[in-house]
Every structure is written in structure tokens, then in C-alpha cells.
Amino acid sequence: MTRHARNCTAGAVYTYHEKKKDAQTSGYGTNSQRLGKDSVKNFDCCSLSLQPCRNPVITKDGILFDKESILQYIISKKNEYSRKLKEYEKQRKEEEAEEKETVASEHKKLLNKFIKTETKIVSNSVLEGASSSKSVPSTSISNMACGRDKQLPSFWLPSQVPTAKASKVTKPDSKIYCPVSGKSLKSKDLIDVKFTPVQDPDDKRSLIAKESRYMCPITHDILSNSIPCAVLRPTGDVVTMECVEKFIKKDMIHPLTNEKLIEKDIIPLQRGGTGYSTTNDNLEGKESRPALQA
């Protein structure tokens, strides 16, 4: 009979407690760990560069970007569109030239056939014999003979094989889409954002080195990933959603400028997200490893 002790090893059954304990010490099994704050983008960081924004701008969907990064992205997409459009126009002109050449060759064949049947000067057999004697096929099997070295410079590439067909280029889309939301994006729709720094005369550190960098200009609450925020479109001020619900939405008046606001002027700011497809819904990372078998 086995002893009922914590470290008893005389039992014939490999219990669940023993398996779990061995898995933790040996490193086998599946590890589940909640992602920490170092794995989540901060609320004031650019969604492209993942660095604190120097000139923050926001889209209509509440996605924060650094102005330099998002403008560079838009310019690169425009250059890519111009390049693809040139390729498409070149292909369209080549197709039109091929169609004209095909029509001309068909017309020429019909004309030659008409001349041969009407003139009756030379029989068809004589003409075929003369044409066959002129065009003598080459007996060389080399792909570099008879000028084929210029037609097939890279014969080991699949795209250069004689049986390969040219890939058809589709007409590019002129719209530029947001790299985060996938919606249409224009530079004129970007709204400048103004963060209010925390006024602490005793803290001599730089703004980036501080953990509490910004605050709500109305309630002076510290802004962070755990606090929902919103951007007021007319001035670009970042305020907390609690301030929006308690003060701003009552009269729909800007507290700093006394300007009349509408519902579209309040843009909820998207907080930091992870690399997962469902941002902020499941902050748990799993790593599967070989399971320890009894």
C-alpha cells in the first residue's frame, strides 16, 4: 500500500498533479501567459512606427499616426500606383498593337489567297514548293542558335520558358487605404492632435522618459491605455471619455473655446493594440510544445 504523502513515488498511477508538476519543471506542454504592458502599444504611439508621436495626427476612425510616417506612407502608395498604372498602360498598348497586327495579317492572307486564285499564273503546289525551299528549318537543338539567345536570355526562369504566358496586369486602384483599418485614407482627412503635458515642476526628466506624460486639459486626469480617450476635432485636444459623457455631451459645447460641437466632432481614440487580429480582446499568448506522455 502506498503512502499518502506529497512526494510519494511508489504509486503505479501517474497522477494529473504529478504530470502537471513535471511539465512545469521540464518545460513540456502548452504555456499560457497574459501579455504585459511591454507587448502593447502605448496610446500616444504611432500605429506605423510604434514610437511616441512628435506631430500626432488622427484619422476619422480614431487611429493615431505620426505625421511624418503617415505622409511617407501615402507618398509611397502614390508612387506604387503610378508605377502600376504605367505597366497597365504599356500592356494595354501592346494588346492593341497585337490586335491590329492580327487583323492586318488576316487581311493579308485573304488578299494573297484572292491573288493566287485569280491570276492562275503559278499553281499552288509550285508556290508551296518555293516557299518550303526558302524556309529551311534549323537542325540545331541549342536554345542559343538562330538568334534565340536574345529571345531567351534566362532560360532557367519559368517565366522565360516558351510555353509560359505573360502575366496580365490588372488596372490598379487609385485609392489609398489605411494600413490599420483598411478604409479609404486621404491626407486632407488627417486631424492634428494636441496632447496636454503633465505640469510637474519637480520632475526634471524628458517627456518621453516619463510614465505619466499627458493629462486631460479639463479634468487634469492622467491619460493612459487603461483610460478611454477622445479627440475634439475643432482644436485637437485629447480628453477622457468620462469628461465627454459628464460635461461635453450635456450641452455639446467645447469647454475650452465655447464652440458648438456636433457628434462627428468627438472622435474616440483607439488605444494601444497588440499584433493579434483581435486587438485588446484577448491579451493572452500561447506557446505549444511537445506534451509529456506517461
For the pair R233 (side chain) and K264 (backbone), establish whether a donor and an acceptor sit closer than 3.5 Å, ignoring hydrogens and angles.
yes

Report yes or no: do Y214 and V239 belong to one cluster of Ile/Leu/Val/Met/Phe/Trp/Tyr joined by side chain heavy-atom distances under 4.5 Å?
no

Taking CD in E101 as the centre, count heavy atoms belonging to other residues, nucleotides or ligands within less than 6.0 Å. Is the count above 12?
no

Taken to the nearest 0.5 Å, the spacing of M252 CE from I262 CD1 works out to 7.5 Å

pair T59-I70: side-chain heavy atoms closer than 4.5 Å
no

Work out which heavy atom in K67 is nearest to a heavy atom in D192; give both atom names and the distance.
NZ-OD1, 4.0 Å

Output the distance between atom CD1 (I115) and atom CG (L110), rounded to the nearest 0.5 Å.
11.5 Å

Once you round to the nearest 0.5 Å, how far does CG of N225 lie from CG of D44?
8.0 Å

Should L269 and I266 be regarded as members of a common hydrophobic cluster, given that ILVMFWY residues are connected when their side-chain heavy atoms come within less than 4.5 Å of each other, either directly or indirectly?
no

Which pairs would a plain distance check flag for residues 47-54, meaning a side-chain donor or acceptor within less than 3.5 Å of a matching protein atom at least two apart in sequence or in another chain?
unit_1: S47; atom_1: OG; unit_2: L64; atom_2: O; d: 3.0
unit_1: R54; atom_1: NH2; unit_2: E68; atom_2: OE1; d: 2.8

Quick one: are V57 and L71 in side-chain contact, heavy atoms under 4.5 Å?
no

Between T102 and S105 the two heavy atoms that sit nearest each other are O-OG, 2.7 Å

Nearest 0.5 Å please: distance from the CG atom of L256 over to the OG1 atom of T196.
8.0 Å

Crowded around Q91 CD? As in, over 12 foreign heavy atoms under 6.0 Å?
yes

Under 6.0 Å from the NE2 atom of H220, do we count more than 12 heavy atoms belonging to anything else shown?
yes

Are any non-hydrogen side-chain atoms of I63 and C178 less than 4.5 angstrom apart?
yes

Check E87 with K84, please: is the shortest side-chain N to carboxylate O separation under 4.0 Å?
no

Can you get from V193 to V198 by hopping between Ile, Leu, Val, Met, Phe, Trp and Tyr side chains that sit under 4.5 Å apart?
no

So, does N79 use its side chain to make a donor-acceptor pair with the main chain of S76 at under 3.5 Å?
no

Working for side-chain contact (heavy atoms from CB on, under 4.5 Å), residues L190 and L185
CA-CA 8 Å; L190 298 175; L185 178 65; 4.0 Å; yes

Is E95 salt-bridged to R92, going by a charged N under 4.0 Å from an acidic O?
no

More than 12 heavy atoms of other residues, nucleotides or ligands under 6.0 Å from NZ of K260: yes or no?
yes

Under a single-linkage definition using a 4.5 Å side-chain heavy-atom cutoff for Ile, Leu, Val, Met, Phe, Trp and Tyr, are I218 and L261 assigned to the same hydrophobic cluster?
yes

Residues in side chain to side chain contact (heavy atoms under 4.5 Å, CB included) contact with D251, at least two apart in sequence or another chain:
I253

What's the spacing between M241 CE and K246 NZ if we round to 0.5 Å?
13.0 Å

Tell me whether V238 is reachable from I267 by hopping between hydrophobic residues (I, L, V, M, F, W, Y) whose side-chain heavy atoms are closer than 4.5 Å.
yes

Atom pair CD1 (I176) and OG (S187), whose distance is rounded to the nearest 0.5 Å
7.5 Å

With a 3.5 Å distance limit and no angle check, can you tell me whether D66 reaches the backbone of N55 through a side-chain donor-acceptor pair?
yes

Nearest heavy-atom pair of K41 and C46: which atoms, and what distance?
CD-O, 3.6 Å

Min side-chain heavy-atom separation F65-S69 under 4.5 Å:
no

Considering non-hydrogen atoms only, spot the tightest contact between Y177 and Y73 and give its length.
O-OH, 3.0 Å

Might you work through the side-chain contact (heavy atoms from CB on, under 4.5 Å) test for T235 and H254, ending with a clear yes or no?
CA-CA 9 Å; T235 58; H254 198 298; 2.8 Å; yes

How close do Q270 and D61 get, heavy atom to heavy atom, and via which atoms?
NE2-O, 3.3 Å

Return the minimal non-hydrogen interatomic distance between E245 and K249, and the atom names on each side.
OE2-NZ, 3.5 Å

